[in-house]
Amino acid sequence: MRIIRYYWPAILWILLVLYLCTIPGSKLPKDPFYEKIHMDKIVHLGLFGCTVLLLCIGYYKSKGHISALTLALIWFTAAFYGLAIEFIQKYLAVDRSFDMMDVVADSIGALCGVIAFLFVRKWWLKK
């Protein structure tokens, strides 16, 4: 049970991502500027990048190391979570739909989270 303390930030963030991705579509801001710059994709990049970063930091702090395989599994899990959220949006959320480009943005964001973790580990999580 002690090991879960390293994952609380990631768990809370994952729940926040689920909440934000299932807000009814009618409550989302509608601005032509946001659509022009694809703000929703930028948001997906940030949400899933932070998800992976927090999971990697939690794993690293609990184990003291992290392998390339573990990084790949965390990336894959986050990308799959993004895909699952798109199906939740399609079938359960109000005024939301499945968007494959959101899945792509989630996957790229997750990869950015792995890269961000490598920098965080190098600069701030030294043994």
Side-chain angles (χ1 to χ4, degrees):
M1 187 64 179
R2 282 184 23 200
I3 200 164
I4 198 164
R5 69 182 172 151
Y6 299 109
Y7 295 100
W8 276 116
I11 291 167
L12 293 174
W13 185 261
I14 289 166
L15 293 173
L16 177 66
V17 168
L18 180 62
Y19 171 75
L20 292 173
C21 290
T22 55
I23 292 173
S26 60
K27 293 191 177 188
L28 296 175
K30 303 271 191 266
D31 187 326
F33 177 72
Y34 289 158
E35 290 177 23
K36 192 175 210 175
I37 64 168
H38 301 285
M39 183 57 113
D40 64 320
K41 304 307 181 252
I42 296 168
V43 169
H44 279 265
L45 283 168
L47 290 174
F48 284 83
C50 190
T51 298
V52 168
L53 178 62
L54 291 172
L55 285 170
C56 289
I57 289 171
Y59 186 91
Y60 186 82
K61 285 187 170 186
S62 71
K63 304 287 186 190
H65 68 286
I66 192 166
S67 68
L69 177 61
T70 302
L71 288 173
L73 286 173
I74 291 172
W75 171 83
F76 179 78
T77 302
F80 184 78
Y81 181 55
L83 178 64
I85 284 177
E86 289 303 313
F87 280 107
I88 289 169
Q89 286 179 340
K90 180 176 182 178
Y91 294 112
L92 300 175
V94 177
D95 294 329
R96 300 297 290 263
S97 61
F98 185 96
D99 184 353
M100 193 61 193
M101 292 311 294
D102 284 351
V103 176
V104 171
D106 297 342
S107 300
I108 293 171
L111 181 60
C112 290
V114 169
I115 294 167
F117 170 74
L118 295 174
F119 284 112
V120 167
R121 181 181 65 178
K122 180 178 179 180
W123 293 331
W124 291 292
L125 296 176
K126 296 177 183 175
K127 288 186 180 182

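Here, residue 1 is the first one in the sequence, and each next residue gets the next number. Every value quoted in this text rests on a predicted model; they were computed, and no experiment measured them. In what follows, every heavy atom counts, from backbone to side chain, and hydrogens, waters and symmetry copies are set aside.
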Ignoring hydrogens and angles, write down the donor-acceptor pairs under 3.5 Å from the side chains of residues 10-28, residues two or more places apart or on other chains.
| unit_1 | atom_1 | unit_2 | atom_2 | d |
| --- | --- | --- | --- | --- |
| W13 | NE1 | L47 | O | 2.9 |
| W13 | NE1 | T51 | OG1 | 3.3 |
| T22 | OG1 | L18 | O | 2.8 |
| T22 | OG1 | Y19 | O | 3.2 |

With a cut-off of 3.5 Å and sequence neighbours excluded, list every side-chain donor-acceptor pair involving residues 105-115.
| unit_1 | atom_1 | unit_2 | atom_2 | d |
| --- | --- | --- | --- | --- |
| D106 | OD1 | H44 | ND1 | 2.6 |
| S107 | OG | V103 | O | 3.0 |

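By the side-chain contact (heavy atoms from CB on, under 4.5 Å) test, F33 pairs with D31, I37, sequence neighbours left out. Under the side chain to side chain donor-acceptor pair (under 3.5 Å) criterion, Y81 pairs with no residue, sequence neighbours left out. For F76, there are no ring-ring contact (aromatic ring centres under 6.0 Å, His included) partners, not counting sequence neighbours. Residues meeting the side chain to side chain donor-acceptor pair (under 3.5 Å) test with S62, sequence neighbours left out: Y7. Shown here are the ring-ring contact (aromatic ring centres under 6.0 Å, His included) partners of W123, two or more places apart in sequence or in another chain: F119. Residues passing the ring-ring contact (aromatic ring centres under 6.0 Å, His included) test with F80: none are found, sequence neighbours excluded. Every residue two or more places apart in sequence or in another chain that forms a salt bridge (charged side-chain N to carboxylate O under 4.0 Å, His left out) with D99 is listed here: K41.
Contact record, Y60 with R121: CE1-CD, 3.5 Å, taken as the closest heavy-atom pair.
One finds the CZ atom of F117 at 8.0 Å from the CD1 atom of I74 (value rounded to the nearest 0.5 Å).
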Practice item. Begin with the C-alpha distance, continue with both residues' side-chain angles, and end with the deciding distance and a verdict on side-chain contact (heavy atoms from CB on, under 4.5 Å) for I88 and R96. Key: CA-CA 9 Å; I88 289 169; R96 300 297 290 263; over 6 Å; no
Point to revise | Worked check of side-chain contact (heavy atoms from CB on, under 4.5 Å) between I42 and H38 | key: CA-CA 7 Å; I42 296 168; H38 301 285; 5.7 Å; no
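Residue L69 is found in a hydrophobic cluster whose other members, listed by chain and number, are L73; membership requires side-chain heavy atoms under 4.5 Å apart, directly or through intermediates.
The salt bridge (Lys or Arg N to Asp or Glu O under 4.0 Å) contacts involving residues 45-58 comprise nothing, where partners must be two or more places apart or lie in separate chains. Judged as a salt bridge (Lys or Arg N to Asp or Glu O under 4.0 Å), not a single pair has a partner in residues 81-90 (not counting sequence neighbours).
When ring centroids are compared, F98 and F87 come within the 6.0 Å threshold.
Under the 4.5 Å side-chain heavy-atom criterion for Ile, Leu, Val, Met, Phe, Trp and Tyr, M101 and I85 are members of distinct hydrophobic clusters. The hydrophobic cluster containing W75 does not contain L45, counting ILVMFWY residues as joined when their side-chain heavy atoms lie under 4.5 angstrom apart, directly or transitively.
Counting only heavy atoms from C-beta outward, the side chains of L118 and L71 approach each other to under 4.5 Å.
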